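Since the structure is predicted, the reported quantities are computational estimates derived from the model, not experimental observations.
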Amino acid sequence: NPAYVCAEVSRRLAASDIIVNEAVRSVPTVLNHVQRTEPGTYHGFAGGGLGCSAGIALGAKLARPDATVVQFVGDGGFYFNNPSSTYTVSKQYGLPILSVVLDNSGWSAVKEATLRMYAQGEAFAAKEFQAGLQSDVDFAKVVEAVGGHGEMVSDPESVPRAVERALAAVRGGRPAVLHVKIPSI
């Protein structure tokens with residue numbers, strides 16, 4: 001559940017730590033469960049532009065090296081963020097960030113937009129929205145390729161410790177990806 005994951009991350013952050021929110025359909029969940037009270041500690045998006053949050057997270061870390069920077073992103077958006085380049089740059093320039101990938105195996109924004117336009121249309125009847133993504137990809141392996149910390153979790157009981165390990169890695173100077181399997185679209 002995205003709310004649970006966000007709450008577990010939030011419990012371990014200081015008020016001065018930075019959140020970059022590109023979780024698209026989970027934006028309100030991140031806002032509600034990872035509340036920021038200091039100026040400059042929340043970066044979100046008012047419109048389109050999938051794939052920009054990783055660069056923003058790296059820039060935030062460059063600007064504020066003392067802060068822990070956490071990027072929240074969906075699995076669809078994660079692909080657009082060019083993750084192999086993100087973590088290579090992170091490592092090369094000493095800009096460790098934590099990416100929390102909320103993986104629902106698809107683009108729920110596409111599915112929901114289709115249903116808003118054609119609530120009883122062909123896509124609804126066929127239960128096929130051309131929004132599904134491959135569900136067996138392990139995004140944690142991308143960051144591991146550059147020596148970062150990666151974990152995939154699907155069991156709620158493993159989330160708190162996984163969050164602690166990922167944040168410890170980032171605070172120790174290594175980029176991290178916490179790939180969280182949430183209910184599919």
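Scored by the side chain to side chain contact (heavy atoms under 4.5 Å, CB included) test, Ala67 finds Asp17, Ile18, Arg64 as partners (sequence neighbours excluded). Every residue meeting the side chain to side chain contact (heavy atoms under 4.5 Å, CB included) condition with Ser90, not counting sequence neighbours, appears here in chain and number order: Leu58, Pro175. In this structure, the salt bridge (Lys or Arg N to Asp or Glu O under 4.0 Å) partners of Glu8, at least two apart in sequence or on a different chain, are Arg11, Arg12. Partners of Tyr87 by ring-ring contact (aromatic ring centres under 6.0 Å, His included), not counting sequence neighbours: none found. His43 pairs by the side chain to side chain donor-acceptor pair (under 3.5 Å) definition with nothing, not counting sequence neighbours. Legend: residues meeting side chain to side chain donor-acceptor pair (under 3.5 Å) with Asn82, ordered by chain and number and at least two apart, are Ser85. Residues passing the side chain to side chain contact (heavy atoms under 4.5 Å, CB included) test with Ala3, sequence neighbours excluded: Asn1, Thr29, His33. Looking at residues two or more places apart in sequence or on another chain, you find no side chain to side chain donor-acceptor pair (under 3.5 Å) involving Tyr93. Remark: Ala57 pairs with Val20, Val69, Gln71, Ile97 by the side chain to side chain contact (heavy atoms under 4.5 Å, CB included) rule, at least two apart or across chains.
Looking at Asn81, its side chain never comes within 3.5 Å of a backbone N or O of Pro83 through a donor-acceptor pair. No donor-acceptor pair closer than 3.5 Å links the side chain of Ser84 to the backbone N or O of Val142.
Clustering ILVMFWY residues whenever any of their side-chain heavy atoms sit less than 4.5 angstrom apart, transitively, puts Val170 in a cluster other than the one holding Met152.
Inter-residue side-chain proximity for Tyr4 and Pro160 is flagged as met; some heavy-atom pair is nearer than 4.5 Å. Between Thr86 and Phe78 there is no side-chain heavy-atom pair separated by less than 4.5 Å. Glu22 places a side-chain heavy atom less than 4.5 Å from the side chain of Phe45.
Applying the salt bridge (Lys or Arg N to Asp or Glu O under 4.0 Å) test to residues at least two apart or on different chains, the pairs with a partner in residues 142-152 are Lys141-Glu144, Glu151-Arg165. The salt bridge (Lys or Arg N to Asp or Glu O under 4.0 Å) analysis of residues 81-90, with sequence neighbours excluded, yields no pairs. The ring-ring contact (aromatic ring centres under 6.0 Å, His included) pairs that include a residue from residues 148-179 are Phe139-His179, where partners are two or more places apart or lie in different chains.
Listed here is the closest heavy atom pair of Lys181 and Ser154: CB-CB, 3.9 Å.
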